[in-house]
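Values below: all heavy atoms of this structure, side chains included; hydrogens, waters and symmetry mates excluded. Here is how names work: the chains are called A, B, and so on, in the same order as the sequence lines, proteins then strands, and each is numbered from 1.
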Protein chains: 2
Amino acid sequence: MISSIAELIADRLGTMPASERRAAQTLIASYPMIGLKTVAEFSAAAGVSSPTILRFVARLGFQNYPEFQSSLQDELAAQLQSPATRTLNPPSPGGGTVSPMLEATLDNMRETFRHLSDKQLADIAARLADRRGKTFLIGGRFTDPLARYMAAHLAIIQPDVFHLAGQESMWRDRLIDMGKRDVLVIFDIRRYQDSLVRFAEKAHQRGVQIVLFTDQWLSPIARFARHVIAGRTAVPSAWDSSAALFVVAETLIGAVTRQLEAKGAKRIREMESLR
Amino acid sequence: MISSIAELIADRLGTMPASERRAAQTLIASYPMIGLKTVAEFSAAAGVSSPTILRFVARLGFQNYPEFQSSLQDELAAQLQSPATRTLNPPSPGGGTVSPMLEATLDNMRETFRHLSDKQLADIAARLADRRGKTFLIGGRFTDPLARYMAAHLAIIQPDVFHLAGQESMWRDRLIDMGKRDVLVIFDIRRYQDSLVRFAEKAHQRGVQIVLFTDQWLSPIARFARHVIAGRTAVPSAWDSSAALFVVAETLIGAVTRQLEAKGAKRIREMESLR
DNA sequence: CAAAATACGTAACATACGATACAGCGCTCC
DNA sequence: GGAGCGCTGTATCGTATGTTACGTATTTTG
């Protein structure tokens with residue numbers, strides 16, 4: 001059953017020509033506000049011509065544009081009156097494949113942060129913002145992108161940030177560069193990778209401070225880590241979810257940025273002038 | 001301070017003539033829907049004449065009726081999207097200090113999925129699971145890790161999955177390998193990268209099906225995309241958040257895996273025996 | 001109570017909006 | 001490679017919509 005125009009669009013998206021699909025996607029992207037404006041504005045936002053917009057609403061089954069707008073307004077009015085029914089997409093009863101995934105992910109995040117105090121985060125951020133040493137980041141098979149993501153941001157706001165990539169032999173040799181003042185950020189969830197554990201141990205022996213992102217079962221690296229962030233990873237899927245760790249990473253990136261700004265780091269001001 | 005039109009009306013209600021007050025009360029009664037309709041409908045609902053409505057909005061300080069309607073729409077859009085007003089409903093469960101960053105991120109995810117139907121995701125998953133062509137993934141400066149993450153998973157459950165990395169000249173030449181049956185997954189959020197746009201355009205000309213992950217303002221690549229996923233990226237930080245897109249990516253990975261399992265792909269069974 | 005000022009609606013007006021006809025273009029299928 | 005079809009934008013048209021002028025009704029004030 002189709003109860004909202006958004007659903008109707010999703011349903012017929014496949015049968016639409018390219019330009020009309022652009023219109024549809026533009027509408028969905030900022031649903032439903034664009035649809036309440038004039039045809040001219042709608043078409044400009046979508047980058048198509050006005051007739052295309054009209055053909056688009058015609059395809060959805062409306063006689064004319066005002067009728068289409070009325071429907072949107074009615075829908076909006078209904079939503080405003082019952083905030084509970086705020087969900088645009090129906091709760092996907094029964095065999096819904098998406099919502100359980102999202103719900104689980106959101107739960108994971110809440111749970112992850114519940115076990116993570118502001119102080120912990122602030123401490124780690126302070127460590128990362130302390131620019132007397134270098135920062136190295138590395139991840140496992142599936143978590144390496146998280147290390148990359150974090151490195152991409154940190155490298156902008158401070159110097160000496162290195163993502164360790166490629167073959168094991170490549171980064172193993174970088175151990176020579178690491179010392180007491182340096183920080184090593186490791187992402188490792190099951191199945192924990194032996195190579196990473198060995199690497200972490202050697203780094204630990206050299207006095208490197210290790211920040212570990214892992215799952216709730218804790219990678220063996222936790223043994224060597226100065227800071228451990230345990231994220232929830234369980235979702236109804238064949239794979240584990242790294243989303244909670246991702247959010248923690250983003251939070252940390254934000255916290256480090258803020259601390260450096262507070263310190264009045266010259267680099268930050270320079271960066272902002274460049275943006 | 002007056003922040004909404006409703007407040008503005010309440011403020012000046014006392015200074016209004018009888019008919020205009022009727023108009024005001026009618027608007028408040030079913031705020032703000034009546035205001036979005038035509039002057040004629042508004043006047044009929046209030047039981048006054050059209051000029052009275054016009055005088056009413058003029059008294060509120062608007063130059064003309066369309067300007068008044070635009071303000072209402074902006075207000076509505078802000079309500080629909082801002083987490084601030086929504087915190088009225090779920091009063092921040094759990095006690096104490098939850099980072100505003102997390103709250104914003106969770107809202108972004110809910111909002112992103114609110115604009116994303118099961119059917120859309122299923123369609124995209126079906127496209128990715130359709131193994132008659134190759135799959136290429138690429139991302140921008142900060143989103144490339146997302147492309148990597150997705151590639152790392154997809155490459156396991158099916159052949160011919162390629163992450164395009166390195167210098168622009170490197171992947172630009174891969175266009176030669178791309179054709180109608182192939183899929184190109186692009187991650188691009190602002191600031192949108194020209195190189196990616198150009199790449200997408202060329203791929204599009206070759207008939208490649210493009211799946212675009214972008215932010216709510218839509219990368220120009222949306223023009224060429226077969227499927228567009230618009231994620232929310234705003235967080236209280238110096239950086240945009242890719243967390244919502246990350247979760248969508250994970251959801252898609254899960255969906256593709258399930259579809260391939262359902263198809264009874266030999267590869268999947270082999271994989272499972274290896275885990 | 002008279003006279004003025006304000007409030008309000010009717011009716012004519014101009015504009016901007018949605019709708020339509022048509023031509024150019026690309027694509028698919030013989 | 002040619003013919004046909006579907007998609008898309010340009011230009012034009014009719015009209016619904018917001019706007020304004022003006023006359024009547026109502027209230028206010030000396």
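Closest to the B/Asn64 side chain, of the nucleotides D/dG18, C/dC17, D/dT19, is D/dT19. Here the nucleotide nearest the side chain of A/Pro66, chosen from C/dG9, D/dT8, C/dG18, is C/dG18. Taking every side-chain heavy atom of B/Ser50 into account, D/dT19 is the closest of C/dG18, D/dT19, C/dG9. Closest to the side chain of B/Pro51, out of C/dG18, D/dG9, D/dT20, is D/dT20.
Per the geometry, CZ belonging to A/Arg21 stands 11 Å off P belonging to D/dC7, to the nearest Å. Regarding B/Glu20, its CD atom lies at a distance of 8 Å from the P atom of C/dA7, rounded to whole Å. Straight-line distance from the CG atom of B/Leu54 to the P atom of C/dA11: 17 Å, rounded to whole Å. Put simply, OH on B/Tyr65 is 18 Å from P on D/dA16, counting in whole angstrom units. Between the CZ atom of B/Phe56 and the P atom of C/dA7 there is a distance of 15 Å, rounded to whole Å. Nucleotide D/dC7 holds its C1' atom 15 Å from the CD1 atom of A/Ile53, rounded to whole Å. Regarding A/Lys37, its NZ atom lies at a distance of 17 Å from the C1' atom of C/dG18, rounded to whole Å. For the pair B/Phe42 CZ and D/dG18 C1', the interatomic distance rounds to 14 Å; values are reported in whole Å.
Note on B/Ser19: every side-chain N or O is 4.0 Å or more away from OP1 and OP2 of C/dA7. Distances shorter than 4.0 Å separate some side-chain N or O of A/Thr52 from OP1 or OP2 on D/dG9.
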For this session: Could you give me the CA-CA distance, side-chain angles and deciding distance for A/Phe142 and A/Trp239, then say whether ring pair (Phe, Tyr, Trp, His ring centres under 6.0 Å) is met?
Result: CA-CA 10 Å; A/Phe142 296 122; A/Trp239 311 92; 5.8 Å; yes
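Side-chain N or O atoms of B/Gln209 include none that pairs as donor or acceptor with a backbone N or O of B/Arg226 at under 3.5 Å. B/Glu20 contributes no side-chain N or O that, together with a main-chain N or O of B/Val57, makes up a donor-acceptor pair within less than 3.5 Å.
Checked for salt-bridge contact, B/Arg127 and B/Asp123 miss the test: no charged N lies under 4.0 Å from a carboxylate O.
When heavy atoms are screened at a 4.0 angstrom cut-off, A/Pro17 is found touching the sugar-phosphate backbone but no base atom.
Contact detail for B/Leu36 and A/Gln73: the closest heavy-atom pair is O-NE2, 3.4 Å.
For the pair B/Lys180 and A/Ala40, nearest-nucleotide mapping onto DNA chain C gives the more 5' position to A/Ala40. When each of B/Gly47 and A/Gln63 is assigned the nucleotide of DNA chain C bearing its nearest heavy atom, the one mapping closer to the 5' terminus is B/Gly47.
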